[in-house]
Q: 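One structure follows; several queries about it will come next.
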Amino acid sequence: MILILKPQADALKVQRLMDEVQAQGISIHRSQGEHTTIWGLVGDVTRIDINRLLANDVVQDIKRVSEPYKLASRRFHPEDTHIKVGDVTIGSGFFAVIAGPCSIESEEQICQVADAVKKSGACLLRGGAFKPRTSPYSFQGMENDGLRLLLEAKQKTGLPVVTEIMGMDQLDDFKDVDIIQVGARNMQNFRLLKALSKINKPILLKRGLANTIEEFLMSAEYIMAGGNENVILCERGIRTFEPMVRNTLDISAIPLIKRQSHLPILIDPSHAAGINWMVEPLAKAAIAVGADGLMIEVHNDPKHALCDGAQSLNPAEFDKLMADLKKRVDFEQKIRQ
Ligand code: PEP
Ligand code: MN
């Protein structure tokens, strides 16, 4: 981190600032120019509060030269992280497909979809029991009954399950869930992230609708900083000026995040596209760009789905997509060898 002092800064105040910075375990490399004094702050600067320093009247400017996250950063952890959920590995060369309905609607629905996606090669089952809907009048999910049905489908198929948590008060109810999803709308719910940092379960963290990559990685850092390093990221599209898609899939986020972080990252083409015919090309793009897997919405009867039917694939469409993806994953892996 580089700190630039104001010209003719009061010597006493500068000394006080120096003491304050050094007291945080940071060493200062001074560079004295004719008009400007620059300090290079060396050490763990992740805890430095830039705004607090900028408020100091001897400070002219501060620039970060390293990222503000540490545990999520590849700089401190060069190897790819992979996360194990039962027999399934996510990341580090293993391509995982999570599939299932947007929301759990009945026993028949979740069990049929679970069977179908398993047969097609999905290794995890998704299904929302608590749905974060824009309108309070829309279907809110089957809640605890939905959770029970999801766990029943897990028992029947052996597929580990992923479902979204809405608040920290639900942690006990989620104890048999294999991966807890933090949805886009909760990406910066810091109290929730801190509560999830204290458990030992993988967390699927979705990127917020209008969050930068740095903010995304800082939210991962929240979970890791409390001791839970099992974080899987998920790019699900961001809000842009383009109205023809539900969200704009930020495909560049994948290589950028892969460079910055060792954490696995999935793509959710369903929420990015908002329309089912676009799921296939975006899923293929995920492989090409180096994502570690996909999360895809599949419904046994999309036309009558209570949530996100327009973007859901039916089991036959999903099966066809999986057959196509398998060829591509093999092809990509051969190229990489
Ligand atoms: C979901 O996965 O069902 C969901 C609500 O996604 P997002 O948080 O990305 O909108
Ligand atoms: Mn959905």
Q: Any sub-3.5 Å donor-acceptor pair from Ser219's side-chain atoms to Met187's backbone N or O?
A: yes

Q: What's the spacing between Leu171 CG and Ile165 CD1 if we round to 0.5 Å?
A: 4.5 Å

Q: State whether the side chain of Thr46 and the backbone N or O of Tyr69 hold a donor-acceptor pair below 3.5 Å, judged by distance alone.
A: no

Q: Under a 4.0 Å threshold between the charged nitrogen and the carboxylate oxygen, would Arg52 count as salt-bridged to Glu20?
A: yes

Q: Check this for me: Asp87, atom CG, are more than 12 non-hydrogen atoms of other residues, nucleotides or ligands nearer than 6.0 Å?
A: no

Q: Could you name each residue pair satisfying side chain to side chain donor-acceptor pair (under 3.5 Å) that touches residues 164-177, not counting sequence neighbours?
A: none

Q: Determine whether more than 12 heavy atoms belonging to other residues, nucleotides or ligands lie under 6.0 Å from atom NE2 of His77.
A: yes

Q: Would a hydrophobic clustering, with Ile, Leu, Val, Met, Phe, Trp and Tyr connected at side-chain separations under 4.5 Å, put Ile296 with Val88?
A: no

Q: Could you tell me whether the side chain of Asp10 and the main chain of Lys13 form a donor-acceptor pair under 3.5 Å?
A: yes

Q: If you count every heavy atom of other residues, nucleotides or ligands that lies below 6.0 Å from Arg133 atom CZ, does the total exceed 12?
A: yes

Q: Any side-chain heavy atom of Arg236 sitting closer than 4.5 Å to one from Leu209?
A: yes

Q: I need the Cys234 SG to Arg207 CZ distance, nearest 0.5 Å.
A: 11.0 Å

Q: With heavy-atom distances below 4.5 Å as the criterion, would you say the side chains of Trp39 and Val14 are in contact?
A: yes

Q: Answer yes or no: does atom CD of Gln32 have more than 12 heavy-atom neighbours from other residues, nucleotides or ligands under 6.0 Å?
A: yes

Q: Are Leu294 and Ile254 co-members of a hydrophobic cluster defined by side-chain heavy atoms under 4.5 Å apart?
A: yes

Q: So if you build clusters from Ile, Leu, Val, Met, Phe, Trp, Tyr with side-chain heavy-atom gaps below 4.5 Å, do Leu124 and Leu263 land together?
A: no

Q: Let me confirm one number: the CD1-CG distance from Ile223 to Leu71, rounded to the nearest 0.5 Å.
A: 11.5 Å

Q: To the nearest 0.5 angstrom, please state how far the CZ atom of Phe216 sits from the CG atom of Leu256.
A: 12.5 Å

Q: Run the salt bridge (charged side-chain N to carboxylate O under 4.0 Å, His left out) test against Asp115 and tell me which residues pass, sequence neighbours left out.
A: none

Q: Please check this pair: side chain of Lys6 against backbone of Asp57, looking for a donor-acceptor N/O pair closer than 3.5 Å.
A: yes

Q: Carefully, step by step, assess Ile180 and Ile199 under the rule side-chain contact (heavy atoms from CB on, under 4.5 Å).
A: CA-CA 11 Å; Ile180 298 182; Ile199 63 171; 3.8 Å; yes

Q: Go through the side-chain N and O atoms of Ser92 and Asp80 and say whether any donor and acceptor fall under 3.5 Å apart.
A: no

Q: Does CD belonging to Glu242 count more than 12 external heavy atoms closer than 6.0 Å?
A: yes

Q: Can you tell if the side chain of Glu105 reaches within under 4.5 Å of the side chain of His304, non-hydrogen atoms only?
A: no

Q: Is the closest side-chain heavy-atom distance between Lys284 and Leu325 below 4.5 Å?
A: yes

Q: Is the shortest side-chain N to carboxylate O distance from Glu297 to Arg126 below 4.0 Å?
A: yes

Q: Which pair of non-hydrogen atoms, one from Asn300 and one from Pro315, has the smallest distance, and what is that distance?
A: CA-CD, 4.0 Å

Q: Tell me, do Pro7 and Gln60 make a side-chain contact under 4.5 Å, heavy atoms counted?
A: yes

Q: Any salt bridge linking Glu67 with Arg74? Criterion: basic side-chain nitrogen under 4.0 Å from a carboxylate oxygen.
A: no

Q: Do any N or O atoms from the side chain of Gln181 and from the backbone of Gly183 form a donor-acceptor pair under 3.5 angstrom?
A: no

Q: Roughly how far apart are Ile83 CD1 and Ile90 CD1, rounded to 0.5 Å?
A: 7.0 Å

Q: Check whether any side-chain N or O of Glu235 sits under 3.5 Å from a backbone N or O of Asp250 as a donor-acceptor pair, and report yes or no.
A: yes

Q: Does CD belonging to Gln24 count more than 12 external heavy atoms closer than 6.0 Å?
A: yes

Q: Taking ring pair (Phe, Tyr, Trp, His ring centres under 6.0 Å) as the definition, give me every residue that meets it alongside Phe190, ordered by chain and number, with sequence neighbours left out.
A: Tyr222

Q: Is there a donor-acceptor contact under 3.5 Å from the side chain of Thr157 to the main chain of Ala153?
A: yes

Q: Would you say Gln260's side chain and Lys258's backbone share a donor-acceptor pair under 3.5 angstrom?
A: no

Q: Side chains of Asn228 and Asn230: donor-acceptor distance under 3.5 Å anywhere?
A: yes

Q: Could you walk me through whether Glu107 and Lys156 pass side-chain contact (heavy atoms from CB on, under 4.5 Å), step by step?
A: CA-CA 11 Å; Glu107 180 176 356; Lys156 283 192 178 147; 3.5 Å; yes

Q: Report the distance from atom CD of Glu229 to atom CD of Glu221, rounding to the nearest 0.5 Å.
A: 9.0 Å

Q: With a 4.5 Å heavy-atom cut-off, do His271 and Met295 have their side chains touching?
A: no

Q: Quick check: does any side chain N or O of Ser270 sit under 3.5 Å from a backbone N or O of Ser312, one acting as donor and the other as acceptor?
A: no

Q: Considering residues, nucleotides and ligands other than Arg239, do more than 12 of their heavy atoms fall under 6.0 Å from its CZ?
A: no

Q: Are Met166 and Leu150 connected in the hydrophobic side-chain network, where two residues link if heavy atoms are under 4.5 Å apart?
A: yes

Q: Taking side chain as C-beta onward, heavy atoms only, is Ile275 less than 4.5 Å from Gln311?
A: no

Q: Under 4.5 Å between any side-chain heavy atoms of Leu53 and Ile50, yes or no?
A: no

Q: Is the shortest distance from a Lys or Arg side-chain nitrogen in Lys131 or Asp308 to a carboxylate oxygen in the other one below 4.0 Å?
A: no

